[in-house]
Participant: 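Please read through the structure below; I'll follow up with questions.
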Amino acid sequence: MDLALDTLKQPIASACNPTALLRLSTVEALTGLKRSTIYAKVKAGTFPAPIKQGARCTRWRAGAVTHWLESIQ
């Protein structure tokens, strides 16, 4: 299932603030990667690790994701 940008619960513009905490769906939209690939890359140490904010709340720093995107180009 492709994620339409207009159905995100968090605006893509949030990534412009390096201290913003991004939802998984926003990270997927920014990177083009799916959940399983993101977590596999985190485990391999090739993608920024998420921040656990609770038992069911995981976020990524926008600055870390942006830096990762710039590093792969």
Side-chain angles (χ1 to χ4, degrees):
M1 176 174 113
D2 285 351
L3 199 60
L5 294 179
D6 58 342
T7 63
L8 292 175
K9 292 183 180 181
Q10 180 179 39
I12 291 291
S14 300
C16 294
N17 178 356
T19 61
L21 296 174
L22 304 178
R23 294 170 159 265
L24 177 60
S25 59
T26 306
V27 174
E28 288 177 334
L30 287 169
T31 63
L33 302 174
K34 292 295 182 188
R35 178 185 189 278
S36 58
T37 304
I38 291 170
Y39 280 106
K41 287 182 175 292
V42 167
K43 186 175 181 179
T46 59
F47 193 81
I51 298 167
K52 291 291 286 182
Q53 292 191 300
R56 296 177 49 98
C57 184
T58 303
R59 300 289 188 260
W60 280 261
R61 286 253 181 243
V65 174
T66 303
H67 180 15
W68 180 83
L69 285 167
E70 291 169 351
S71 74
I72 63 169
Q73 294 186 9

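Note that the numbering runs from 1 along the sequence shown for the chain.
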Participant: Glu28 and Lys34: which non-hydrogen atoms are nearest, and at how many Å?
Facilitator: OE2-C, 3.8 Å
Participant: Please list, chain by chain and in numerical order, all residues satisfying side-chain hydrogen bond (donor to acceptor under 3.5 Å, both in side chains) with Lys43, sequence neighbours excluded.
Facilitator: none
Participant: Which pairs with one or both residues in residues 13-37 pass ring-ring contact (aromatic ring centres under 6.0 Å, His included), sequence neighbours excluded?
Facilitator: none
Participant: What pairs with Thr66 under side-chain hydrogen bond (donor to acceptor under 3.5 Å, both in side chains), at least two apart in sequence or on another chain?
Facilitator: none
Participant: Nearest 0.5 angstrom please: Leu24 CG to Tyr39 OH, how far?
Facilitator: 5.5 Å
Participant: Restricting to pairs with a member in residues 48-62, which pass side-chain hydrogen bond (donor to acceptor under 3.5 Å, both in side chains), not counting sequence neighbours?
Facilitator: Lys52-Thr58
Participant: If every non-hydrogen atom of Ala20 is compared with every non-hydrogen atom of Ser14, which pair is closest and at what distance?
Facilitator: CB-O, 3.3 Å
Participant: Do you know which two heavy atoms are closest between Leu22 and Ala62, and how far apart they sit?
Facilitator: CD1-CA, 3.7 Å
Participant: Ala64 and Pro48: which non-hydrogen atoms are nearest, and at how many Å?
Facilitator: O-CG, 3.5 Å
Participant: To the nearest 0.5 Å, how far apart are OG1 in Thr31 and CG in Leu69?
Facilitator: 6.5 Å
Participant: Who pairs with Thr19 by side-chain hydrogen bond (donor to acceptor under 3.5 Å, both in side chains), at least two apart in sequence or on another chain?
Facilitator: Asn17
Participant: Closest heavy-atom contact between Lys41 and Leu33?
Facilitator: CD-CD1, 4.0 Å
Participant: Would a distance-only check, ignoring hydrogens and angles, find a side-chain to backbone donor-acceptor pair under 3.5 Å from Gln10 to Leu21?
Facilitator: yes
Participant: Going only through I, L, V, M, F, W and Y residues with side-chain contacts under 4.5 Å, is there a path from Ile51 to Ile38?
Facilitator: no
Participant: So which heavy atom on Val42 is nearest to which on Pro50, and how close?
Facilitator: CG1-CD, 3.8 Å
